[in-house]
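Throughout, residue positions are numbered sequentially from 1 according to the sequence presented. What you are looking at is a predicted structure, and each value in this text was computed from that prediction instead of being measured.
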Amino acid sequence: ECYSLGCCNVAGLNCFETKPGKGKCLKNCTPSASQLCVQTQPIMDPILKDADWYGPSLYCFAVVMQDIGSTKKMYDLELLQGAYGRK
């Protein structure tokens, strides 16, 4: 149940409202007669509540997902560390 938190504890999954007031962590969601697939404001509010607007600025950021449920070796962290070391 991710509806109250607005996020999932597994990288690569998103919280979708599948029934009114109920959420599920899914990689993708296909709407059907028995399942909604929306990311409603109650789901997004907890995620955005700490976001502040600091005015226009130019900055870069990166996100690295360590565990996406795949056994394939990921090199994202090493690539970012190498790029950061060259700044």
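Scanning for side-chain contact (heavy atoms from CB on, under 4.5 Å) contacts around S32 gives S34, Q35, with sequence neighbours left out. Shown here are the side-chain contact (heavy atoms from CB on, under 4.5 Å) partners of L80, two or more places apart in sequence or in another chain: A62, V64.
Note that CG of L79 and CE of M74 are 10.5 Å apart. Values are rounded to the nearest 0.5 Å.
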Step by step, would you call T18 with L26 a side chain to side chain contact (heavy atoms under 4.5 Å, CB included)?
CA-CA 10 Å; T18 54; L26 302 167; 4.1 Å; yes

Working for side chain to side chain contact (heavy atoms under 4.5 Å, CB included), residues E17 and Y3
CA-CA 7 Å; E17 183 178 29; Y3 190 81; 3.7 Å; yes

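Each salt bridge (Lys or Arg N to Asp or Glu O under 4.0 Å) pair with one or both residues in residues 74-84, not counting sequence neighbours, appears once here: K73-E78.
A pairwise comparison of heavy atoms in L36 and C29 identifies O-SG, 3.7 Å as the closest pair.
Taking 4.5 Å as the limit, every side-chain heavy atom of Y75 sits out of range of all side-chain heavy atoms of L77. The closest side-chain heavy-atom distance from C25 to N14 is not below 4.5 Å.
In this structure, cysteines C2 and C8 have SG atoms that are not closer than 2.5 angstrom.
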